[in-house]
Amino acid sequence: MTLDEFKQLIIDSLQLEGVTPEMIGDDDPLFGDGLGLDSVDALELVVAIEKRLGVKIQPHEAGREAFASAASLHAFAMQRAAEQEVAGSSS
């Protein structure tokens with residue numbers, strides 16, 4: 001999944017009307033002055049990521065650093081997907 005596809009996942013899962021992937025800067029904050037997301041949005045994003053990528057994310061695993069920006073959340077999600085794929089193939 002590319003970063004632009006991931007941004008589209010954010011837009012779709014949070015129903016951000018009038019927002020396109022190009023409007024979300026890779027390193028723009030997701031919370032506060034950036035996209036203005038809140039904790040409920042964060043939970044919805046985790047659920048959407050889990051469904052789309054087939055991964056399981058525990059609440060303690062996705063910290064502030066992961067949710068800092070679209071790029072950091074994308075990197076976190078891709079890393080979790082790769083880790084769980086490796087774990088699944090070794091069992």
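- Here the CD atom belonging to E50 is positioned 9.5 Å from the CZ atom belonging to R80, to the nearest 0.5 angstrom.
- No single ILVMFWY cluster, assembled from side-chain heavy atoms under 4.5 Å apart, contains both L3 and V55.
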CA sep, side-chain torsions, deciding dist, call: F76, I57, side-chain contact (heavy atoms from CB on, under 4.5 Å): CA-CA 10 Å; F76 171 79; I57 300 171; 3.9 Å; yes

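- With respect to E22, the side-chain contact (heavy atoms from CB on, under 4.5 Å) criterion is satisfied by exactly one of I24, V19, T20: T20.
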Worked check of side-chain contact (heavy atoms from CB on, under 4.5 Å) between D41 and D38: CA-CA 5 Å; D41 294 325; D38 60 25; 3.2 Å; yes

Pair F67-L37, side-chain contact (heavy atoms from CB on, under 4.5 Å): steps then yes or no: CA-CA 10 Å; F67 279 91; L37 304 186; over 6 Å; no

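- Minimum interatomic distance between K56 and Q84 (heavy atoms only, all atoms of both residues): O-NE2, 2.7 Å.
- The two residues A48 and L9 make their nearest non-hydrogen contact at CB-CD1, 4.1 Å.
- For the pair D26/S69, no side-chain contact is recorded, criterion being any heavy-atom separation below 4.5 Å from C-beta on.
- At a threshold of 4.5 Å between non-hydrogen side-chain atoms, the residues D28 and L35 do not count as touching.
- Summarising the geometry, atom CZ belonging to R52 is positioned 9.5 Å from atom CD belonging to Q8; distances are rounded to the nearest 0.5 Å.
- Both L30 and M1 belong to a common hydrophobic cluster when Ile, Leu, Val, Met, Phe, Trp and Tyr are linked at side-chain heavy-atom distances under 4.5 angstrom.
- When side chains are defined from C-beta on, M78 counts as touching L53, because their heavy atoms get closer than 4.5 Å.
- With hydrogens and angles disregarded, no donor-acceptor distance shorter than 3.5 Å links the side chain of S13 to the backbone of L45.
- The two residues P21 and K7 have their closest heavy-atom pair at O-CD, 3.3 Å.
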